[in-house]
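Heads up: the structure comes next, in structure tokens.
Within every chain, numbering begins at 1; the chains are lettered A, B, ... in the order of the sequence lines, protein sequences first and strands thereafter.
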There are 2 protein chains.
Amino acid sequence: MLFTGTHIHKLDRKGRVSVPKRFRAALDNEEFAGIYLYQSHKESALEGCSHSHMERIAASLDELDMFSDEADDLADTILGSSHMLPYDGEGRIILPAELIEFARIEDQVAFVGRGRTFRLWNPDIFKPLQEASRTRTLNRGATLKLKPMTELPKGARPGTANEEDAS
Amino acid sequence: MLFTGTHIHKLDRKGRVSVPKRFRAALDNEEFAGIYLYQSHKESALEGCSHSHMERIAASLDELDMFSDEADDLADTILGSSHMLPYDGEGRIILPAELIEFARIEDQVAFVGRGRTFRLWNPDIFKPLQEASRTRTLNRGATLKLKPMTELPKGARPGTANEEDAS
DNA sequence: TGGGAAATGATGGGGGTCAATGGGATTTGA
DNA sequence: TCAAATCCCATTGACCCCCATCATTTCCCA
């Protein structure tokens, strides 16, 4: 259950695009066979996630004061503008025209893994940005402090696999 | 059981509007085949929810001091002014004139998902407000602290689906 | 280790199905 | 008895199922 790598697929003339096999595999035990997409806040890209991740967002919003302005804004921006997209028999989704336009996608789509979530880009827009962020990271000498293994959920550690993690 | 996305449907000359298939699906095993609507207290919109959510509101009101002004007001605003609207054979409801007027709805209705609940808007009114929400969210740099997976209800996590989730 | 066969994932497109809509007919209730 | 609500059926257009083809990768065996 982890989205990694960049996969470029074709958008056909019916507005369909194949979800990468690797991503579909990461979503295997979901109750909903498909993905959720919504417009990114900061980038000219689409945010993608699973049904259970969307449940998590809804549950977290539930905890904020039911009448707070911030919860309202987030609900409108994320839940209200998200698209629930089921696979067809071949593992493709139909990319809604609104999202194609927002992300300025033409005939190709880049699926970019970000761990628990992923993004969809016009590859021509993503590539220079990726190089820029790579340079920034190097210059900054950024390091990532890793969580101790023992704090990870069971199944994410070697030797703790259970039957659901057969992949 | 999650309301997501924005769905724009037509209000016909008989005052009927189709409830989006996705929303009806989210309400599948409810005992009442229909939805509840009441006037939003802060927006020019209608709040919508399921029968079981209405039960939840009633239960929460029970916990407030029975004779407090606040409980009185909430009971009047929500329970007193709510409309229980059954589907017709095609999954449509009849929007009461009172609610059409309150939400300034004309010939189109936007169903906007908010997780456990949803809202109904005049699309022309909702659209600019949603844009504003997006901008505020961006400026605020709002991030949502996600609940840990383990606290989610069973069925909202991968690998815990039960037979009722066969969809 | 090279080459061919088989399996699998990605792509293209036709056509049937169903959700959304419109409107007439029938029933219900005041 | 009239008006409003409900039932019923027709239409249409978008979506989804199905199959065919193509491109890779994997596998197998000489």
Name the nucleic acid region contacted by [X], choosing base, sugar-phosphate or nothing; use a 4.0 angstrom heavy-atom cut-off, strictly under.
X       : answer
A/Arg92 : base
B/Arg24 : sugar-phosphate
B/Arg13 : sugar-phosphate

_End axis versus end axis in the helix from C/dT1-D/dA30 to C/dA30-D/dT1, the angle rounded to 10°, five pairs used at each terminus_ =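 The end axes of the helix from C/dT1-D/dA30 to C/dA30-D/dT1 are about 40° apart, to the nearest 10°.
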Between [atom2] of [N] and [atom1] of [X], the distance in whole Å:
X        : N      : atom1 : atom2 : result
B/His9   : D/dG13 : NE2   : C1'   : 13 Å
A/Lys14  : D/dC19 : NZ    : C1'   : 12 Å
B/Leu11  : C/dG22 : CG    : C1'   : 13 Å
B/His7   : D/dA14 : NE2   : C1'   : 15 Å
A/Ile94  : D/dG13 : CD1   : P     : 17 Å
B/Asp12  : C/dG24 : CG    : P     : 12 Å
B/Asp107 : C/dA20 : CG    : P     : 18 Å
B/Leu85  : D/dA4  : CG    : C1'   : 15 Å

*Please determine which of B/His41, B/Gln39, B/Arg119 meets the side-chain hydrogen bond (donor to acceptor under 3.5 Å, both in side chains) test together with B/Glu47.*
B/Arg119
Please determine, for the side chain of [X], which listed nucleotide ([options]) has the closest atom?
X       : options                : answer
B/Ser18 : C/dA10, C/dT21, D/dC7  : C/dT21
A/Glu90 : C/dG12, D/dC16, C/dA25 : C/dG12
B/Lys21 : C/dG13, C/dG22, C/dA20 : C/dA20

Give a yes or no on whether the backbone of [Y] and the side-chain of [X] come within a donor-acceptor separation of less than 3.5 Å.
X        : Y        : value
A/Asp124 : A/Lys127 : no
B/Ser18  : B/Pro20  : no
B/Arg136 : A/Asp69  : no

*B/Arg22 or B/Arg16: which one's nearest nucleotide on DNA chain D is closer to the 5' end?*
B/Arg16
_A/Pro20 vs B/Pro20, nearer the 5' end of DNA chain C by closest nucleotide_ = A/Pro20
_If you compare every side-chain N and O of A/Lys10 against the phosphate oxygens of C/dT11 (OP1, OP2), does one of them come in below 4.0 Å?_
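For C/dT11, neither OP1 nor OP2 has a side-chain N or O of A/Lys10 closer than 4.0 Å.
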*Residues two or more places apart in sequence or in another chain: which of them pass salt bridge (Lys or Arg N to Asp or Glu O under 4.0 Å) with B/Glu55?*
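B/Glu55 satisfies salt bridge (Lys or Arg N to Asp or Glu O under 4.0 Å) with no other residue.
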_Note, A/Trp121 side chain near A/Leu129 side chain (heavy atom, < 4.5 Å)_ = yes
*Test of ring centre spacing under 6.0 Å for B/Tyr36 and B/His83*: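 Ring centroids of B/Tyr36 and B/His83 are no less than 6.0 Å from each other.
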